[in-house]
Each structure stands twice: as C-alpha cells, then as structure tokens.
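Contents: one structure, followed by commentary.
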Amino acid sequence: MPPETAAGTAPTTAAPTTDAAATVAAAPIAEDVTAIRRLLSRQAHLRDTDQLDEWIQGYVEDAVFTAHGTVARGRAEIRAIADAQREAFWSDWRGSHFLSEPGIDVDPVAGTATGTTHYTFLGLGPDGGYQVYVVGRYHDSFVRTADGRWLLTAREVRTVGEEAELLPAAGPASDATPGATGTTGTTGTAEPGASAASDAASDASDASDAGA
C-alpha cells in the first residue's frame with residue numbers, strides 16, 4: 001500500500017517538467033540526425049571505393065540529382081551518371097570526399113529532413129602530391145522509409161563558384177567591372193578566361209562529385 005499523506009490520501013506522481021518533456025521529445029530527433037549522418041558518411045565511402053551497387057541504394061527510386069545544370073531523375077539516371085564518370089575518370093580517382101558536420105533539420109511528424117553539408121575532394125595530383133580538386137556544398141532532402149531507414153530523395157551539388165553566383169553582387173551595378181566574379185558587364189561579355197575556368201571547375205567537380 002502506498003503511504004498516506006496527512007490528509008489520508010495517496011501522493012500523486014509529479015508531472016514531468018518542461019525540460020524533461022523536451023528531452024524525451026528530442027530523443028527520436030537525435031536518433032534521426034545520427035542515422036542521416038551515417039547515411040551521408042556511407043554514401044561518400046561507397047562512392048570513393050567504387051561500390052556503386054550499394055551506393056545507389058542510398059537514394060529512393062524516384063530521387064532527383066542536380067549538378068552543374070544536369071538533372072537526373074530516378075535511380076537509373078543517377079546511376080548512369082556515376083557509371084559514365086567511372087569510365088571516364090576512375091583510373092585517376094585516387095582521392096576521397098571529406099565532409100563537414102552537416103546541418104540537418106528533421107520533421108519527425110512528416111518523417112522528412114533537409115540538410116546542407118560542405119565537402120572537399122582531396123586526391124593525388126599528376127606529380128604524386130595531394131591537391132584539392134573541388135570544394136562545394138550538398139543540399140539534400142531525405143525521407144524516413146517504412147522500415148525506419150533514411151534515404152536521399154534529392155541532392156543538389158553546388159561548387160564554390162556556383163554558390164558565389166547565387167549571392168548578390170557587391171556595390172551598384174554601374175561600378176561593377178564587366179565580367180568580374182563571373183557576372184556580365186554592360187558589354188554583355190564575360191571576362192576572358194572566365195568561361196574556361198568555370199568549365200574546368202565543372203569538369204573537376206564532375207570527376208569528384210558523382211552524387212556522393
């Protein structure tokens with residue numbers, strides 16, 4: 001029998017404090033974030049070790065992958081990009097993706113999430129030394145499947161140069177130098193060499209991203 005109070009009634013159990021309730025509610029979200037982090041790490045590892053059969057399973061069947069103006073829809077098209085890059089670049093693919101701590105937002109009710117991850121591809125250069133080939137960001141969307149796994153529903157790859165093009169130009173337009181920072185001046189032409197540099201960066205990024 002529970003002890004009685006002075007009034008002769010059994011004591012009641014105190015309701016959880018707001019902080020305690022918040023901790024309990026946050027636990028599933030923390031588990032989801034951990035699962036998504038593991039997915040991101042696994043995708044990079046599988047891509048760098050040419051395990052494409054396993055790598056493509058990290059995407060849902062109707063996933064969308066966007067990079068450098070190319071949009072691939074569905075696993076078949078995304079896998080075709082990776083296969084083409086394997087054939088073109090695999091003999092020189094001596095490197096690894098390094099990922100930052102991702103920023104992840106989870107909607108536990110909808111079972112969806114979004115995330116942004118900075119990445120760098122570091123590899124062996126022609127002279128045998130290490131060099132950075134590309135730096136950018138992954139803008140990802142995820143879904144929690146019926147069996148509790150998290151998979152990618154969409155990935156947009158942006159290199160540093162592409163990110164800069166999305167930012168507002170500094171200063172009034174009249175003060176801008178034609179072609180500066182990849183923008184178009186009053187002549188409507190880009191700075192000499194800017195296009196070639198952009199193409200080279202895109203090629204290097206294509207060789208290293210492959211939707212990892």
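Counting begins at 1 with the first residue of the sequence. Computed over heavy atoms, backbone and side chain alike; hydrogens, waters and symmetry mates excluded.
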Next on the checklist: Please determine whether side-chain contact (heavy atoms from CB on, under 4.5 Å) holds for the pair His45 and Gln51, giving the CA-CA distance in whole Å, both sets of side-chain angles, and the decisive distance to 0.1 Å.
Outcome noted: CA-CA 8 Å; His45 171 73; Gln51 301 180 65; 3.9 Å; yes

Next on the checklist: Quick check: closest heavy atoms across Asp48 and Phe121, and the distance to 0.1 Å?
Outcome noted: OD1-CE1, 3.9 Å

Checklist entry - Looking at side-chain heavy atoms only, is the closest gap between Arg86 and Asp50 below 4.5 Å? => result yes

Item to check | Donor-acceptor under 3.5 Å (Tyr133 side chain, Leu124 main chain) | outcome: yes

Checklist outcome for this item: One should read off an interatomic distance between Asp107 CG and Thr112 OG1, to the nearest 0.5 angstrom, of 4.5 Å

Item to check | Under the salt bridge (Lys or Arg N to Asp or Glu O under 4.0 Å) test, residues paired with Asp62 that sit two or more places apart | outcome: none

Checklist entry - Is any side-chain heavy atom of Arg144 closer than 4.5 Å to a side-chain heavy atom of Arg149? => result no

Checklist entry - Considering only heavy atoms from C-beta outward, does the side chain of Leu52 approach that of Leu46 to under 4.5 Å? => result no

Checklist entry - Can you find a pair of side-chain heavy atoms, one from Ile36 and one from Val106, that are under 4.5 Å apart? => result yes

Next on the checklist: Measuring centre to centre across the rings, with the benzene-like ring taken for any Trp, is Tyr138 within less than 6.0 Å of Tyr119?
Outcome noted: yes

Next on the checklist: With a 4.0 Å cut-off on N to O distance, would you call Glu54 and Arg42 a salt bridge?
Outcome noted: no

Next on the checklist: Hydrophobic clusters here meaning ILVMFWY residues chained together by side-chain heavy-atom distances under 4.5 Å, can you tell me if Leu99 and Trp150 are in one?
Outcome noted: yes

Item to check | Side chain proximity check, Thr117 to Arg137, heavy atoms < 4.5 angstrom | outcome: no

Checklist entry - Tell me, do Glu101 and His118 make a side-chain contact under 4.5 Å, heavy atoms counted? => result no

Item to check | Thr159/His68 under side-chain contact (heavy atoms from CB on, under 4.5 Å): CA gap, chis, key distance, verdict | outcome: CA-CA 8 Å; Thr159 62; His68 320 302; 3.5 Å; yes

Per-pair distances, 0.1 Å, donor-acceptor, side chain in residues 74-81, under 3.5 Å, sequence neighbours excluded:
from, atom 1, to, atom 2, distance (Å)
Arg75, NE, Tyr59, O, 2.7
Arg75, NH1, Gln57, OE1, 3.2
Arg75, NH1, Glu61, OE2, 3.0
Arg75, NH2, Tyr59, O, 2.7
Glu77, OE1, Arg73, N, 2.8
Arg79, NE, Asp83, OD1, 2.9
Arg79, NE, Asp83, OD2, 3.3
Arg79, NH1, Asp53, OD1, 2.8
Arg79, NH2, Asp53, OD1, 3.3

Next on the checklist: Looking at every heavy atom in both Arg37 and Pro102, which two are closest together, and how far apart are they?
Outcome noted: CG-CG, 3.9 Å

Checklist entry - Honestly curious: do Leu40 and Ile29 fall in one hydrophobic cluster under the side-chain, below-4.5 Å linking rule? => result yes

Item to check | Side chain proximity check, Val143 to Val60, heavy atoms < 4.5 angstrom | outcome: yes

Checklist entry - Tyr130 and Val135: same hydrophobic cluster, using ILVMFWY side-chain contacts below 4.5 Å? => result yes

Checklist entry - Which atom pair, heavy atoms only, marks the closest approach of Gly125 to Gln131? => result CA-OE1, 3.5 Å

Checklist entry - Same cluster or not: are Phe65 and Leu151 linked, directly or through other Ile, Leu, Val, Met, Phe, Trp or Tyr residues, by side-chain heavy atoms under 4.5 angstrom apart? => result no

Item to check | Pairwise distance CZ(Phe98) to OG1(Thr120) - rounded to 0.5 angstrom | outcome: 8.5 Å

Checklist entry - Quick one: side-chain contact (heavy atoms from CB on, under 4.5 Å) partners of Thr34, sequence neighbours excluded? => result Arg38

Checklist entry - Do Val64 and Val71 have side chains that get closer than 4.5 Å, going by heavy atoms? => result yes

